[in-house]
Amino acid sequence: MKKSNINFQKRYDGALNADQLAAVTHTEGPLLVIAGAGSGKTRTLTYRAAYLVEKGVRPSAILLLTFTRKASQEMLRRATQLLDERCGKIAGGTFHSFANATLRRYASHMGLDPAFGILDRNDSENLIGLLRKELQPATRQRSFPRNKTLADIFSRVVNKGLSLQEVIENDYPHFESHLETIGRLHQLFEIRKQEHRFLDYDDLLVYLRRLLAEYPDVQDRISNRFHYIMVDEYQDTNTIQAEILYLLTRTNQNIMVVGDDAQSIYAFRGANFRNIIDFPKRFPATRIVSLEENYRSNQPVLTLTNAIIERAREKFTKNLFSQKKDGAKPVIVNAEDEYSQSRFIVDQIKDLQNRGMPVNEIAVLFRASFHSFDLEIELSREGFAFVKMGGFKFVESAHIKDVLAHMRVMANVYDRISWYRILLLLEKVGPKTAQKIFEAILAEKSGYTGLLSAEVAGSKALERLKMLFATLDTKPETVGEMGQTIVDYYLPILKSRFDDHPRRAKDLEHLVDIMERYQSLDAFLTDMALEPPTVSFENSLYTDGTGSDRLTLSTIHSAKGLEWRTVFVIWTLDGRFPSVHSLHKEDELEEELRLMYVAATRAKENLFFTYPGNVWDRSTGLILNQPSRFLDNMPDDILDKEYEYR
């Protein structure tokens, strides 16, 4: 590398490895940095910001785009500590904050009021709710999507660059019968935003792209202002964001994007995998630098993760390596059933603790939130405190509470709270009617006679409820059979109340599986009441002053960017991970492979994969009993196989 004549304050060559240094000191022309997991991505961006300033670039001529304000602030804070306060003057922020500032400056070009208001997601949902009333009675049908779902649909249209029809056909096929009405509502939503001078989050990106594409003079002005652009997590950008970056670099193509194609796992949010793959095509002079030295994991973990991602159909080839050569090989365990899987993890955690590993250095990861339900019960039974990321509290989700309410009145017919919850699910039953029915149940003092004698004009739903309890009251059943009977009754209600009912139905299947382990209804309900899963907040840890001694449970999506000494990845069963629904969709299957890679690269020292055998999949009628195809047939010198755990 050619030496610069500048007398730099910092010895960059001593603080960075060769590949990091190559990325930091490349200043002219497009640069794609493929930053493998744990390879010092943030460090590289931080040092490059300081390097550019120290080289004499005006801080205001540098634009750093990230996906959270916190990320950009942290990078610039580190750069300031590394160099001086000049780094704090770099233009840093999110795509949306940059769009907001730019649009206010050039509002007249787009016919916008410079004082336009911004609708957050809740505002958008409220506006949609108001507009639905104008399209009644079409929007009053129980099967019509709710406000939140409509907002999600409209957002996907923008972020995925698809038509409304394509989004509904691909992601919400159960709403196809409402396509025409949803289309009218979408048009009305766009009109009203314009009339009231509002932009939502998606509009900010759409209008910025239009501004840059339709006004070359503005594009030149902005492009000339920012001589250097740096972008973090480029694999997570959507189509519009990639187009904005292309337009911003018309004058100066000094753009550095940092990302990892192997960690592109957010297609459901609109992220486009093709952005990072096709970057060298969009910028033909691109230099590619791969960061392959991993500072997180030992070599046995990395050898497996390299083998996993090698199976990807399309990728930038890289080979992660570590100076930490020693360590145990990753292990895959075939448990007899889900309960055995949970017991294996509990036993391993106890063993790790006995060997001195703090429990907060251990994590259990899973593809879907409901995969951890059984484990949560076992951990609570054993007295383990834990936090959960990326999911909801098991017994506090509405559909779980609905089913449990039916079971609670089987154990205690005078449970007022549960009766009210059950009755208010029914059509034509409001609070006053629910109160009258419950008072009749109390007055009869003979089980469900008061319910069976209740009358509500024209309420077929009440008659279905009567039939359910008549069946439950006369037919002796196990706890699992009772639960399945209630779930079968509840499914039509679930479909009428929740737009994401297919996902919630899966949760209920899992709940029934848990019930089947119990011999007594009272024992099941006692566990649900006294040992419920701990509080969780989506995408963030719950802390109450004792977080240092808590185990972490997390969806893999929420674990990205985090690390632990020991990681368990559960339900690595073919048909669950990958999902049975992705097996015939090549792009979805590829994303699930990358999801497995992300899970594996969270581990520093110990990595376990587990899967229960002989699982019946209700949706397909198949018995699932094979390990994930992403792990199957791995050589024994890479992955230890513990075939049975009883």
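Quick caveat: nothing in here was measured; it's all calculated off a predicted structure.
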Got a salt bridge between K148 and D500, using NZ or NE/NH1/NH2 to carboxylate O under 4.0 Å? no
Residues pairing under salt bridge (charged side-chain N to carboxylate O under 4.0 Å, His left out) where one sits in residues 153-163, two or more places apart or in two chains, turn out to be R156-D171, K160-D171
N/O donor-acceptor pair under 3.5 Å between S97 side chain and T94 backbone: yes
Ring-face cation of R594 near F273 (centre distance under 6.0 Å, axis angle within 45°): yes
Would you call K318 and D19 a salt bridge, taking side-chain N to carboxylate O under 4.0 Å as the test? no
Judged by modelled atom types alone, do N319 and N306 share a side-chain donor-acceptor pair under 3.5 Å? yes
What's the verdict on side chain to side chain contact (heavy atoms under 4.5 Å, CB included) for V158 and D203, showing C-alpha distance, side-chain angles and the deciding distance? CA-CA 8 Å; V158 175; D203 293 329; 5.7 Å; no
Which residue pairs satisfy the ring pair (Phe, Tyr, Trp, His ring centres under 6.0 Å) criterion with at least one member in residues 567-586, sequence neighbours excluded? H371-W571, H510-W571, F568-F608
Side chains of S579 and S582, donor plus acceptor under 3.5 Å: no
Pairwise salt bridge (charged side-chain N to carboxylate O under 4.0 Å, His left out) hits with a residue in residues 285-298, at least two apart: R296-E563
Within this structure, what is the CZ-CG distance for the pair R78 and L45, rounded to the nearest 0.5 Å? 10.5 Å
Taking atom NZ as the centre, does K325 end up with more than 12 heavy-atom neighbours from other residues, nucleotides or ligands that are less than 6.0 angstrom away? yes
For a side chain to side chain donor-acceptor pair (under 3.5 Å) check, start with the C-alpha distance between K388 and T552, then their side-chain angles and the critical distance, and finish with the verdict. CA-CA 6 Å; K388 185 174 179 180; T552 297; over 6 Å; no
So, the side chain of Q235 versus the backbone of D260: is there a donor-acceptor pair under 3.5 Å, distance only? yes
Under a 3.5 Å threshold, yes or no: a donor from one side chain and an acceptor from the other, between S628 and D574? no
Pairing donors with acceptors under 3.5 angstrom, does anything connect the side chains of D202 and Y207? no
If we count only N and O atoms by modelled type, under 3.5 Å, do the side chains of S322 and N294 hold a donor and an acceptor together? no
Residue pairs, two or more places apart or on separate chains, that pass salt bridge (charged side-chain N to carboxylate O under 4.0 Å, His left out) and touch residues 22-47: K41-D232, K41-E233
Side-chain H-bond candidate by donor/acceptor type, Y12 with Q20, under 3.5 Å: no
Criterion side chain to side chain contact (heavy atoms under 4.5 Å, CB included) on D236 and Q241, from CA distance to verdict: CA-CA 10 Å; D236 294 337; Q241 289 164 330; over 6 Å; no
R565: partners by salt bridge (charged side-chain N to carboxylate O under 4.0 Å, His left out), with sequence neighbours left out: E605
Donor-acceptor contact below 3.5 Å, side chain K55 vs main chain T25: no
Does a salt bridge link K281 with D278, judged by any charged N lying under 4.0 Å from a carboxylate O? yes
Taking only residues at least two apart or on different chains, which pairs with a member in residues 299-314 satisfy salt bridge (charged side-chain N to carboxylate O under 4.0 Å, His left out)? R274-E314, R313-E586, R313-D587
